[in-house]
Amino acid sequence: MEENLVIVESPAKANTISNFLGKGFTVKSSFGHIRDLSKDNFGIDIKNNYTPVYIIPDDKKKVVAELKKSAGEAATIWLASDEDREGEAIAWHLSEVLKLDPEKTQRIVFHEITKTAIKEAIENPREINRNLVNAQQARRVLDRLVGFELSPLLWKKVRPALSAGRVQSVAVRLIAERENEIDSFESNAFFRISAQFEFLDESGNSHKFQAELPSRLKDREKAHEFLSACRSAGFRVLDVTKKPVKKSPAPPFITSTLQQEASRKLGFSVARTMSVAQRLYESGKITYMRTDSVNLSKSALAAARDVIVEEFGKEYSKTRNFTTRSKGAQEAHEAIRPTYLQNRSVAGNRQEQRLYELIWKRCLASQMSEAQLEKTTARIRISTLPEHLVATGEVIRFDGFLKVYMESTDDEQGEQSSGLLPPMKENDDLNLLKMEASERFNQFPPRYTEASLVKKMEELGIGRPSTYAPTISTIQNRGYVVKENREGVERKYCVCSLVGEDISETIRTEVYGKEKSKLFPTDIGQLVNDFLVEYFSNILDYNFTASIEKEFDKIADGKLEWTRMIDKFYPGFHGQVVETARTSQRPKGERILGADPGSGRQVSVKIGRFGPMAQIGEASEEEKPRFASLLKNQSIKTITLEEALSLFKLPRTIGHFEDQEIVIGIGKFGPYARHAGKFYSLEKSDNPLSISLERAIELIDHKREQDKNKIIRKFEENSGLQILNGKWGPYISLDKKNFRIPKSKKAEELGYGDCLEIIEKAKKAKKKKQ
DNA sequence: CAGTGAGCGAGCTTCCGCTTGACTT
């Protein structure tokens, strides 16, 4: 009989700890929470003082059974879940579900997975903190009440299967409001002056450098005035100042910063980052990847120091302890770092290697010296004008942490780093080579990327390291938000230049507004957001989470009873829901675009039962209205009358191919081309209103080619049986029912009998399950 | 599997945070 059973949350952690503890200890994992609220009747007995009704979900029954068995065989059970609200709740649920004897049960915590930390934890056990558990119950119950009251209201008022919640609805709000800001943004033009100078040093060597006018000029006229005044001017150095600047490294990664940097530097989505990190964690290469703490263990600090001194020298090492700045942080784990800092790279696929290297660099850099820079500023006097031009240069005196890592920013127009300025001094004369006044425009506020949304959510204290990626998936799956690229738009701008005595003007073009992997609200997202903000401004408030977190803290401190807190919130909120259900109009987001030139009837767009649609005429009129769905990339907010009218031109015949006509239309699955009774989906870049016959034929040929490759084998014995190539590899299809091929078998080598055997087995297995 | 947009009513959807595999056509 094993003497000790230790229960942690993650199986990978269980493995590591097991090695530290050795004989006499069995370490098992709970795989996170083992119980949750039932889905029936909120899982809360509201009338009975909000008593939670907990159940063990089906996929956790096996784990629980195993833990029960092990617990029964152990003399002492050590509950070693994380030291935060959720972890404490997990410990409590374990003690309840496993019916643990308090005499035999110990609660322990550790923040880092090292032998000393664990030994220390075992020597200092404590009891389960019921106040902390109650804070978690309050959190859980409140989220359930909000989510399960608001979502059905949306089913009733907007569309089935929608959802709303404390976290996701605020995330959607951020994106919707940013889009509104961009819509109402007015771009102003102005002019910027830049000049290229030549400086001749004492030996007569020529140095060229760039200087700028710090202020903007209002318009083209002012730009011309400025250049004219400079035509016959002399230029002289007014003064040169040098200033040392220090740059410090960023703290090591936590979940949110890892997601941001992997997005900027590697182009990973947040979900990709988390799944690659998970693999690195499971193979023991990095510490836990869902964390909000920037803390590093003592052993990691020592290892970092050793590696830095060895690789770069003593002067590059500077041990630092970072403090966590985000508010809601619970700090149950270390920062994300390599388990062995001496490993600069690891085995694995390309993505794993790149992410690991990023983590290694960031962690190491955090323990390195500041970079020392010298910033030089030269002011240049213009003999004919009171304004000064300014040239700046920056040189690195000591690179420090920059040797391994530089944090990126979300700014798309990065500052151009200027190098060293020429060795000029006060009153030196300069030759003007060229001066330009270039038209610029102020930028609309940036749209969110997945990663910058995570950053914003973290600032607001909304969501947790374990939920950032799933939340972002949810709001996309519900159709509130889409991640898209946008083509930029060409814009002309004016450049006036002064060379010698001549002032000339040219018009150039640039592309602006190009977007890559940005989050856009959909029509339904905007509609739902407007509705929720109107009727539930308290829940959608950006500070809602922060203010209830304060209450949870009071509960955790034993100063507030959790059911009292819920009772202060729920009756009012429930009344709000009932009242909104009774009084609010079904929101349609209708917009009237104008009149149909043909019939004079009203043309409008709105959200219908099946999504955004355009409509000619009104339901009240004698003649029935005509309807057409909007295209995927069109929106109720921005569609024009002309665009709406052209939707009614579908379906249309665009020509003939193989003696049959090709008809373009929009169906259940989007735009299609129909030919000889078969349908061919148009691609995203194809516009159904303007697609050419050639392109449509290309799509048909392509599809035919694909279908040819799809079939791996056919059988004479039965034409309904085929081996096909699918998204997840080969599979067997029998009369449109599909069956998996066991991994041990090769698809090409399967005979008719083999297929039937596989099908029979699959059918039997299915019966058994039921 | 590609034409929908009236209204009714069955029965379904849904939250946030902890964790991983199982599994899809």
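All chains are named by letter (A, B, ...) in the order of the sequence lines, taking the proteins before the strands, and each is independently numbered beginning at 1.
Residue S30(A) is out of contact with every strand shown, counting any heavy-atom pair closer than 4.0 Å. Residue contacts for G43(A): at a heavy-atom cut-off of 4.0 Å it reaches no nucleic acid atom on any strand shown. Backbone-only contact: L162(A) has heavy atoms under 4.0 Å from sugar-phosphate atoms and none from a base.
F648(A) places its CZ atom 13 Å from the P atom of dG5(B), with the value rounded to the nearest Å. Taking atom CD of E618(A) as the reference point, atom C1' of dG5(B) lies 15 Å away to the nearest angstrom. One interatomic measurement links the two molecules: CD1 of I636(A) to C1' of dG5(B), which rounds to 13 Å at whole-angstrom precision. Atom pair D40(A):CG and dT13(B):C1' shows a separation of 14 Å (rounding to whole Å applied). One interatomic measurement links the two molecules: CD1 of I664(A) to C1' of dG3(B), which rounds to 16 Å at whole-angstrom precision. In this structure, the CD atom of Q615(A) is 13 Å from the P atom of dT4(B), given to the nearest Å. Atom pair N477(A):CG and dT14(B):C1' shows a separation of 14 Å (rounding to whole Å applied). Taking atom CG of residue L647(A) and atom P of nucleotide dG5(B), one finds them 17 Å apart after rounding to whole Å.
Remark: D686(A) engages R695(A) in a salt bridge (Lys or Arg N to Asp or Glu O under 4.0 Å) (not counting sequence neighbours). For the side chain to side chain donor-acceptor pair (under 3.5 Å) test, residues two or more places apart in sequence or in another chain that qualify with S70(A) are K28(A). In this view, H574(A) and Y570(A) satisfy the ring-ring contact (aromatic ring centres under 6.0 Å, His included) rule, not counting sequence neighbours. Residues satisfying the salt bridge (Lys or Arg N to Asp or Glu O under 4.0 Å) criterion with R601(A), sequence neighbours excluded, are E621(A), E623(A). For Y54(A), the ring-ring contact (aromatic ring centres under 6.0 Å, His included) partners are H93(A), not counting sequence neighbours. Listed by chain and number, the residues in a side-chain contact (heavy atoms from CB on, under 4.5 Å) with P651(A) are V663(A) (sequence neighbours excluded). Annotation: salt bridge (Lys or Arg N to Asp or Glu O under 4.0 Å) contacts of R85(A) (sequence neighbours excluded): E549(A).
Taking the charged nitrogens against the carboxylate oxygens, D36(A) and K60(A) have no contact shorter than 4.0 Å, which rules out a salt bridge. Ion pair R290(A)/D82(A) not flagged as a salt bridge, since none of the NZ, NE, NH1 or NH2 atoms sits closer than 4.0 Å to an Asp/Glu carboxylate oxygen.
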With B for base contact, S for sugar-phosphate-only contact and - for none (protein heavy atoms under 4.0 Å), nucleotides 6-12 of chain B reads -------
Per-nt protein contacts along nucleotides 15-20 of chain B (heavy atom under 4.0 Å; B base, S backbone sugar-phosphate only, - none) come out as BBBBBS
Can you list, pair by pair, the side-chain donor-acceptor contacts under 3.5 Å of residues 671-680 of chain A, counting residues two or more places apart and other chains?
| residue | atom | partner | partner atom | Å |
| --- | --- | --- | --- | --- |
| H675(A) | NE2 | F657(A) | O | 2.8 |

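Residue pairs meeting the side chain to side chain donor-acceptor pair (under 3.5 Å) criterion with at least one partner in residues 463-474 of chain A, sequence neighbours excluded, are D292(A)-R464(A).
Every stem involving DNA chain B, taken as at least 3 paired positions in a row under the Watson-Crick or G-U wobble test at 3.5 Å, would be listed here, but there are none.
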